[in-house]
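In the text below, chain A, chain B and the rest are named by the order of the sequence lines, each starting its count at 1. Scope of the values below: all heavy atoms of this structure, side chains included, with no hydrogens, waters or symmetry mates. Quantities reported herein were computed from a predicted structural model and do not represent experimental measurements.
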Amino acid sequence: MRVVTWNINSVRLRINSVKKVVKKLNPDILCLQETKCLKEDFPFKDFEKMGFIDTEAFGIKGYNGVCIASKHPINSIKKHIFCNKDDARHMSIKFLYKNRKISIHNFYVPAGGDEPDPKINVKFKHKLKFLEEAAKLFSNKKSVNNDLVVLVGDLNIAPHEMDVWSHQQLKNIVSHTEIEIKKLKKFLKSFQFEDAIRLTQGYEKKIYSWWSYRAKDWKKSNRGRRLDHIWVSQKMSKHLEKTFIEKNIRGWKRPSDHVPVVADFKFN
DNA sequence: ATGGTGGTCCTACCA
């Protein structure tokens, strides 16, 4: 069973890239962030043609927006509101796979602006509050040891030294500051999640999922960050087979600044 | 070098 997460940065502009990625990766579950598309404008027909039985999406005009497309019938959907804001940053579904109930959570964590000080930057304050509320959502759950849960998304934080091109140069840059990383780790621990990428690939090598549009040559300078994540519950981690990141897609024509992150699971 | 580029939808705002 394959789960793919990708910050698409406009699903309508890049619908052909989505089709190519689906053809190439054949995901069971595709989670998108920054669809930048109202539900009434969402290209549901295209997702149907790609082979998805159920596609759930919602968004606000211009900003954020999340989608989960599934090749297995979706049994239930939840959308959680964080920080009392009218935005579209979370969606979760449940579905059956080989008679097992699996939950998928798709998150788009606020980017947080430029200034890494919650006292003067309301966007950064929002980001920290969002992470706190997200952690609370999971720490309230009782079934931590028995549930098959996958949490994916653009979490807009690169937590480890090898998740950024230069730990030294980014430690005061939003996405890699100590305060955010602490909140993210608390979020991770709220349901005893495992970081699937690092669990399968170790902590030694540099791994990125995002390269800025502002670089002259993203590939040559390679100043990336690992902002996109796949987390698995303890029980789900037993079924985790492998993970990989589709870096080459950053080099496609009119790319998103993020690339798809993939996790494969095996069930008997 | 406090820039750079790329989204949405027309004017700023977001990343």
Would you say A/Arg254 places a side-chain N or O within less than 4.0 Å of OP1 or OP2 belonging to B/dG7?
yes

State whether A/Trp165 and A/Lys206 meet the cation-pi test: NZ (Lys) or CZ (Arg) under 6.0 Å from the six-membered ring centroid, and within 45° of the perpendicular axis.
no

Could you give the distance separating B/dC9 and B/dA15 at their C1' atoms, to the nearest angstrom?
16 Å

Between A/Asp28 and A/His72, a side-chain donor and acceptor under 3.5 Å:
yes

Please confirm whether the backbone N or O of A/Lys136 pairs with a side-chain atom of A/Ser190, one donor and one acceptor, at under 3.5 Å?
no

Can you tell me how far C1' of B/dC13 sits from CD of A/Glu34, to the nearest Å?
13 Å

Of all the choices, B/dA15, B/dG7, B/dC9, which nucleotide is nearest to the side chain of A/Tyr63 once you look at every atom?
B/dG7

Could you check how far CZ of A/Arg250 sits from C1' of B/dA15, rounded to whole Å?
13 Å

Whenever both distances are under 3.5 Å in a Watson-Crick or G-U wobble pair, mark it; put DNA chain B into dot-bracket that way, with [ ] for crossing pairs and | when the partner is on another strand.
....((((...))))

Report the distance from atom CG of A/Asn156 to atom P of B/dA15, rounded to the nearest whole Å.
8 Å

Using a cut-off of strictly less than 4.0 Å, decide whether A/Lys61 has a side-chain nitrogen or oxygen near OP1 or OP2 of B/dT8.
no

Under the side chain to side chain contact (heavy atoms under 4.5 Å, CB included) test against A/Asn156, which residue among A/Leu184, A/Leu227, A/Leu131, A/Asp228 passes?
A/Leu227

Given DNA chain B, 5'-ward residue of the pair A/Asn9 and A/Lys123, judged by closest heavy atom
A/Asn9

Find the distance A/Trp210:CH2 to B/dT5:C1' and express it as a whole number of Å.
11 Å

Using whole Å, report how far CH2 of A/Trp211 lies from P of B/dG6.
17 Å

Pairwise C1' distance for B/dT11 and B/dA1, with rounding to whole Å
27 Å

Starting at atom NE2 of A/His126, determine the distance to atom P of B/dC14, rounded to an integer number of angstrom.
12 Å

Ignoring hydrogens, what is the shortest heavy-atom contact between A/Asp154 and A/His258? Give both atom names and the distance.
OD2-CE1, 3.3 Å

From CG of A/Asp217 across to P of B/dG4 the rounded distance in Å is 18 Å

Would A/Gln33 and A/Asn64 count as having a side-chain donor-acceptor pair, cut-off 3.5 Å?
no

Taking the six-membered ring of A/Phe124 as reference, does the cationic atom of A/Lys127 (NZ for Lys, CZ for Arg) lie under 6.0 Å from its centre and within 45° of its axis?
no

Comparing A/Tyr213 with A/Asp257, nearest DNA chain B nucleotide closer to 5' gives the residue A/Tyr213

Can you list the steps and then say if A/Arg89 with A/Asp87 is a salt bridge (Lys or Arg N to Asp or Glu O under 4.0 Å)?
CA-CA 6 Å; A/Arg89 296 182 175 277; A/Asp87 51 15; 2.9 Å; yes

Partner of A/Arg225 under side chain to side chain contact (heavy atoms under 4.5 Å, CB included), picked from A/Leu170, A/Asp163, A/Ile207, is A/Leu170

In whole angstroms, the gap separating C1' of B/dA15 from CG of A/Asp228 amounts to 13 Å

Students often get this wrong, so: under 4.0 angstrom with heavy atoms, is A/Arg225 touching a base, only sugar-phosphate, or nothing?
nothing

Strictly below 4.0 Å, heavy-atom distances to any atom of DNA chain B: list the hits from residues 10-19 of chain A, or just say none.
A/Ser10, A/Arg12, A/Leu13, A/Arg14

Ignoring hydrogens and angles, tell me if any N or O in the side chain of A/Thr55 forms a donor-acceptor pair with the backbone of A/Ala69 under 3.5 Å.
no

With a 4.0 Å cut-off on heavy atoms, is A/Lys216 in touch with a base, just the backbone sugar-phosphate, or nothing at all?
nothing

Taking only N and O in the side chain of A/Arg89, is any of them less than 4.0 Å away from OP1 or OP2 of B/dA15?
yes

On a whole-Å scale, what distance lies between the P atoms belonging to B/dC14 and B/dC10?
16 Å

